[in-house]
Peer 1: 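There's a structure below that I have some questions on.
By convention in this document, chain letters (A, B, ...) are assigned in the order of the sequence lines, proteins followed by strands, and residues within each chain are numbered from 1.
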Number of protein chains: 2
Amino acid sequence: MKKYLEILKKCPLFDKIDDESLVRMLTCLGGRVVSFDKKYTVFAEGARAKYIGILLSGSVQIIQVDYYGNRNILSVIRAGEVFAEAFACAEVDSLPVTVIADEPSEVMLIDSSHILHTCSNNCGFHQQLIYNLMKDLASKTIMFHQRIEITSKRTTREKLLSYLNMQSKSAGAREFDIPFDRQELADYLEVDRSGLSVEIGKLRREGIIENRKNHFVIL
Amino acid sequence: MKKYLEILKKCPLFDKIDDESLVRMLTCLGGRVVSFDKKYTVFAEGARAKYIGILLSGSVQIIQVDYYGNRNILSVIRAGEVFAEAFACAEVDSLPVTVIADEPSEVMLIDSSHILHTCSNNCGFHQQLIYNLMKDLASKTIMFHQRIEITSKRTTREKLLSYLNMQSKSAGAREFDIPFDRQELADYLEVDRSGLSVEIGKLRREGIIENRKNHFVIL
DNA sequence: CTCCTTTTGTTGAAAATTCAACATATTTTA
DNA sequence: TAAAATATGTTGAATTTTCAACAAAAGGAG
């Protein structure tokens, strides 16, 4: 477990918990590490929402797939971030989303009951853990607000521009990479891929952006 | 404060806290009650995200208004529910949304620092409060998942049908009222109002639904 | 009850999206 | 390196949405 300590220390779930306590805690929480190759399913829709996931390496996507096979990308999880926590905390019985590995990924799975209900050892940091979980959920809610602000725009162009501006802002630079290829960006923005390609081309010709693959510059 | 006890007991924030403790707690939290007439602003976008709101009576809407004046209804809050908690908990400095009274409403405002940081009296229920807040935020996240599942559909018809099915499901009946007039429903589904009216008319003529104003029956 | 305001429904034209099909470019792998 | 697979760009037709303008219906105030 030692090898994961550095990344776990960056996980918001373990904020303000010192190294020694963290190690003891991990035993107590009974987390286990599982690896997934690219495109493999971490959690399938409909599965029991029993585990909270912490991404140790790689990246995973939270997606919904509708009746017709249309994919909707809800969010992208990066190393150190937590996922599926909302379903575990709200004690829903089955997952309404699928989690798939976007690249080879290592995931730590923790039985949510070990987090939500204080263990018999009563390690003093359980309260901090709950507090951290609350903070994490609050920031997830804000993340969804931002996503909705983008996708509620009515045209592909407006969605794209507000997505790129948001990314630029959070990168703190006019030049940045996005975590999506074209189809994925379309599935995140809730638009048609070919229409998205057209719009990117237009913005480039109008001198509003420069881009190459998933690298963008706002001019 | 006594007159609000019944509704506060139903608030998820005070789950598993007995009456006596609740009363003591309210003093400790320093909540104050404010009334708003219909259409009045409870919190304006850009305001400091200092307070957590508990709706005591009436109903409020969480909305975003873009540059062009287009309204987007993110959610509707009913009596007993909490709002603006995510922004306070995540300690963002200014609100990215507006909260307006949808009907005459009474709101209890609690300074979030009183909730997040244990008070000097150290009332024993602070931990339960944090735990409840975490649960509440988890269910808000799930609510947004559901909203996105609806609004990610590409046509007005599909959005409307999946919204109505969701409402029917949560009402546990094929017959139910929705909390929106036509314009509000359009702003929630992220579609054009007149196009929505057309679609409702079609579904009615096709014998798929019956409706009168905001009352719907799925056949 | 009547007038006034608000809400809902209707229409047609303009704009945008979706869809399918294919061309081109890039990446992977054998 | 060449072939195969995947990703991106392009096009035109069909569908759908948006927009503006107005008609009809419902609700509220005096």
Side-chain angles (χ1 to χ4, degrees), chain A residues 37-39 61 66-73 100 102-104 150-164 177-206 208-216, chain B residues 37-39 61 66-73 100 102-104 150-164 177-206 208-216:
Chain A
D37 281 337
K38 186 170 176 168
K39 297 198 178 174
Q61 295 178 341
D66 74 11
Y67 184 78
Y68 303 101
N70 301 311
R71 173 180 63 173
N72 182 11
I73 300 179
I100 56 160
D102 190 36
E103 40 187 302
I150 292 169
T151 57
S152 69
K153 298 278 189 297
R154 300 300 165 83
T155 65
T156 300
R157 186 189 182 89
E158 282 182 300
K159 288 183 187 187
L160 177 57
L161 279 174
S162 74
Y163 173 75
L164 292 176
D177 289 338
I178 67 170
F180 296 129
D181 63 27
R182 289 290 177 280
Q183 183 63 62
E184 289 173 328
L185 181 56
D187 291 343
Y188 180 84
L189 297 180
E190 304 171 356
V191 299
D192 179 69
R193 180 196 62 76
S194 69
L196 176 61
S197 273
V198 169
E199 216 56 57
I200 289 173
K202 275 191 201 165
L203 288 175
R204 198 167 34 209
R205 276 190 299 278
E206 291 172 24
I208 295 171
I209 64 170
E210 277 176 10
N211 88 300
R212 190 186 136 69
K213 296 194 51 186
N214 66 338
H215 186 81
F216 285 80
Chain B
D37 280 338
K38 186 169 178 171
K39 299 199 176 172
Q61 295 177 341
D66 74 11
Y67 183 78
Y68 303 101
N70 300 311
R71 173 179 65 173
N72 182 13
I73 300 180
I100 56 161
D102 190 34
E103 41 187 303
I150 291 169
T151 58
S152 69
K153 298 280 191 295
R154 299 302 165 83
T155 63
T156 300
R157 187 189 181 90
E158 281 181 301
K159 288 182 186 187
L160 176 58
L161 279 173
S162 74
Y163 173 75
L164 292 176
D177 289 338
I178 67 171
F180 296 129
D181 63 28
R182 289 289 178 281
Q183 183 62 62
E184 289 173 328
L185 180 57
D187 291 344
Y188 180 83
L189 297 180
E190 303 171 357
V191 299
D192 179 70
R193 180 197 60 77
S194 67
L196 176 61
S197 272
V198 170
E199 214 58 58
I200 289 173
K202 275 191 200 165
L203 288 175
R204 197 169 33 210
R205 277 190 299 278
E206 291 171 24
I208 295 170
I209 63 169
E210 277 175 9
N211 88 301
R212 189 186 136 68
K213 295 197 53 187
N214 66 339
H215 185 81
F216 285 80

Peer 1: Just to verify, which of B:V191, B:D192, B:D187 counts as forming a side chain to side chain contact (heavy atoms under 4.5 Å, CB included) with B:L189?
Peer 2: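 It is B:V191, the one option of B:V191, B:D192, B:D187 that forms the side chain to side chain contact (heavy atoms under 4.5 Å, CB included) with B:L189.
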Peer 1: Between atom CD in B:E158 and atom C1' in C:dT18, what is the gap in whole Å?
Peer 2: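 These atoms are roughly 12 Å apart.
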Peer 1: Contact between A:I209 and A:L164 at the side-chain level, heavy atoms closer than 4.5 Å - yes or no?
Peer 2: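 Contact flag for A:I209/A:L164 side chains = yes.
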Peer 1: Within this structure, what is the CG-to-P distance between A:L160 and D:dT8, rounded to whole angstrom?
Peer 2: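 These atoms are roughly 14 Å apart.
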Peer 1: Roughly how far apart are A:E199 CD and A:R157 CZ, rounded to 0.5 Å?
Peer 2: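 These two atoms lie 5.5 Å from each other.
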Peer 1: Do any N or O atoms from the side chain of A:R71 and from the backbone of A:Y188 form a donor-acceptor pair under 3.5 angstrom?
Peer 2: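 Checked: no pair found.
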Peer 1: Write down the distance between NZ (A:K153) and C1' (C:dA15), rounded to a whole number of angstrom.
Peer 2: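 In whole Å, C:dA15 C1' lies 19 Å from A:K153 NZ.
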Peer 1: Less than 4.5 Å apart, any side-chain heavy atom of B:F180 and any of B:Y163?
Peer 2: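 Yes; the side chains approach each other to less than 4.5 Å.
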Peer 1: Is there a donor-acceptor contact under 3.5 Å from the side chain of A:N214 to the main chain of A:D181?
Peer 2: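 Flag not set: sc A:N214 to bb A:D181 has no pair under 3.5 Å.
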Peer 1: If we only count heavy atoms from C-beta on, is the A:Y68 to B:E158 side-chain gap below 4.5 Å?
Peer 2: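 SC-SC contact between A:Y68 and B:E158 confirmed.
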Peer 1: Would you say that B:D66 contacts B:N72 through its side chain, given a criterion of any heavy-atom pair below 4.5 Å between the two side chains?
Peer 2: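 B:D66 does not reach B:N72 side chain to side chain.
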Peer 1: Using 0.5 Å steps for rounding, measure from the CG atom of A:N211 to the CD1 atom of A:I200.
Peer 2: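 So the CG of A:N211 and the CD1 of A:I200 are separated by 6.0 Å.
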Peer 1: Hey, does B:E184 have a side-chain heavy atom less than 4.5 Å from the side chain of B:D102?
Peer 2: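 Answer yes - side chains close enough.
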Peer 1: Distance check needed: C:dT17 P versus B:K159 NZ, whole Å only.
Peer 2: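 These atoms are roughly 12 Å apart.
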Peer 1: Extract from the structure each pairing of a protein N or O with an N or O of nucleotides 24-28 of chain C at less than 3.5 Å, listing the distance.
Peer 2:
unit_1 : atom_1 : unit_2 : atom_2 : d
C:dT27 : OP1    : A:K213 : NZ     : 3.4

Peer 1: Using five base pairs at each end, measure the axis-to-axis angle across the helix from C:dC1-D:dG30 to C:dA30-D:dT1 and round it to 10 degrees.
Peer 2: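 If I round to tens, the end axes sit 50° apart.
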Peer 1: Along nucleotides 9-23 of chain D, 5' to 3', which nucleotides get a B, which get an S, and which get a -, given that the test is a protein heavy-atom distance under 4.0 Å?
Peer 2: BBB----SSSBB---
